Amino acid sequence: AHIFPTAWTGINERTFLAIKPDGCQRRLVGEIIKRLERKGFKLVAMKMMHASEALLKEHYIALRDRPFYGRLVKYMSSGPVIAMVWQGLDVVKTARLMMGETNPADSLPGTIRGDFCVDVSRNVIHGSDSRESAQREIALWFKDDELICWDQSTESWIYE
Ligand code: GDP
Ligand code: MG
């Protein structure tokens, strides 16, 4: 009965977010999900997983020549992550704003990284940096049938 949108743009834009192992260890899962939910974005996929080094190497492939790449993959595979897909108008850009900057020291209070962490290598959340990255990362972390197409009854109060 659900009609899939022909394009993942406009109110159907999607992004890939992941609560990193430190976010899980520090019991920030509920707090982070709460912020995105309250904002008005729609959760369309979520799973807890212990990501493999192979998956994380591919996820962070653009950073393979950076000196911290190996440590980054180790950290990200050191415990469970919460992998999620969120949907909504301008969700890629807005989720990045809600996360704050890569370095928590540059992140304003009120952002997730600004409020909950201090070290660039323990910055609690990942978010796609562009629509193209979102598409690549969603395909890497999720199968098509893990993405839920659903109508939220509040939608007409969030969008005109
Ligand atoms: P993001 O998109 O804001 O997550 O930042 P990047 O894509 O540039 O980097 C990916 C992740 O690598 C960051 O979230 C950090 O966890 C880590 N990272 C980035 N820069 C550094 C750094 O200078 N040192 C270390 N140790 N980790 C870093
Ligand atoms: Mg990035």
Side-chain angles (χ1 to χ4, degrees), residues 7-144 146-147:
W8 297 108
T9 56
I11 68 169
N12 296 316
E13 184 174 310
R14 302 190 292 187
T15 196
F16 173 72
L17 302 181
I19 303 173
K20 297 182 176 184
D22 50 331
C24 293
Q25 292 289 349
R26 295 184 49 216
R27 306 172 191 271
L28 293 170
V29 172
E31 171 67 37
I32 290 169
I33 291 174
K34 183 176 80 177
R35 289 181 177 215
L36 293 148
E37 210 179 20
R38 245 176 7 185
K39 170 72 176 167
F41 291 132
K42 181 160 74 175
L43 184 60
V44 297
M46 176 163 74
K47 58 184 169 186
M48 187 181 213
M49 56 190 286
H50 202 142
S52 67
E53 293 200 10
L55 172 63
L56 292 161
K57 280 181 180 164
E58 183 58 32
H59 174 76
Y60 282 125
I61 193 75
L63 300 174
R64 65 186 174 284
D65 295 328
R66 306 294 287 276
F68 56 82
Y69 180 64
R71 279 183 291 137
L72 174 60
V73 168
K74 280 251 152 16
Y75 149 58
M76 288 294 291
S77 61
S78 67
V81 298
I82 308 290
M84 300 176 286
V85 180
W86 286 85
Q87 188 170 313
L89 186 66
D90 293 320
V91 69
V92 174
K93 177 187 171 189
T94 308
R96 291 283 296 194
L97 285 172
M98 291 172 72
M99 284 165 51
E101 301 298 319
T102 302
N103 190 341
D106 299 326
S107 303
L108 291 173
T111 64
I112 292 165
R113 287 167 173 171
D115 286 347
F116 301 124
C117 53
V118 291
D119 184 339
V120 68
S121 58
R122 295 288 183 271
N123 60 2
V124 306
I125 185 168
H126 166 82
S128 309
D129 62 9
S130 68
R131 289 182 193 152
E132 293 67 38
S133 306
Q135 217 167 12
R136 184 185 77 86
E137 292 169 5
I138 290 167
L140 183 64
W141 288 78
F142 288 95
K143 301 190 195 94
D144 276 350
E146 290 178 312
L147 303 173

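Atom set for the values below is all heavy atoms of this structure, side chains included, hydrogens, waters and symmetry mates excluded. Ligands are counted one by one from 1 in listed order, and the atoms in each one are counted from 1 as well. None of these values were measured; they are calculated from a predicted model.
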[X], portion touching ligand 1 at heavy-atom distance under 4.0 Å:
| X | result |
| --- | --- |
| His59 | neither |
| Lys20 | side chain |
| Leu72 | side chain |
| Arg71 | side chain |
| Arg113 | side chain |

Item to complete: Name the orientation class of the two ring planes belonging to Phe16 and His59 (parallel below 30°, tilted from 30 to 60°, perpendicular beyond 60°).
Response: perpendicular
Short N or O distance, [X] and ligand 1, threshold 3.5 Å exclusive:
| X | value |
| --- | --- |
| Tyr60 | no |
| Asn123 | yes |
| Tyr75 | no |

Could you state the interatomic distance from [atom1] ([X]) to [atom2] ([Y]), rounded to the nearest 0.5 Å?
| X | Y | atom1 | atom2 | result |
| --- | --- | --- | --- | --- |
| Gln135 | Glu137 | CD | CD | 11.0 Å |
| Asn123 | Lys20 | CG | NZ | 3.5 Å |
| Phe68 | Tyr60 | CZ | OH | 9.0 Å |
| Met98 | Ile125 | CE | CD1 | 8.5 Å |
| Lys74 | Ser121 | NZ | OG | 14.5 Å |
| Arg136 | Ile61 | CZ | CD1 | 8.0 Å |

Practice prompt. Measure the distance from atom 18 (N) of ligand 1 to every protein heavy atom, then report the residue, atom name and distance (to 0.1 Å) of the closest one.
Written response: Phe68 CE1, 3.5 Å
Worksheet item: Considering only the protein, which heavy-atom contact is closest to atom 3 (O) of ligand 1, and what is its distance?
Response: Thr102 OG1, 2.5 Å
Worksheet item: With a cut-off of 4.0 Å, which atoms of ligand 1 are near a heavy atom of Leu63?
Response: 9 (O), 10 (C)
Worksheet, complete the sentence: Per-atom filter on ligand 1: closer than 4.0 angstrom to a heavy atom of Arg96 are 1 (P), 2 (O), 3 (O)
Discussion item. Could you check whether Arg35 pairs with Glu31 (Lys NZ or Arg NE/NH1/NH2 to Asp/Glu carboxylate O, under 4.0 Å)?
Written reply: yes
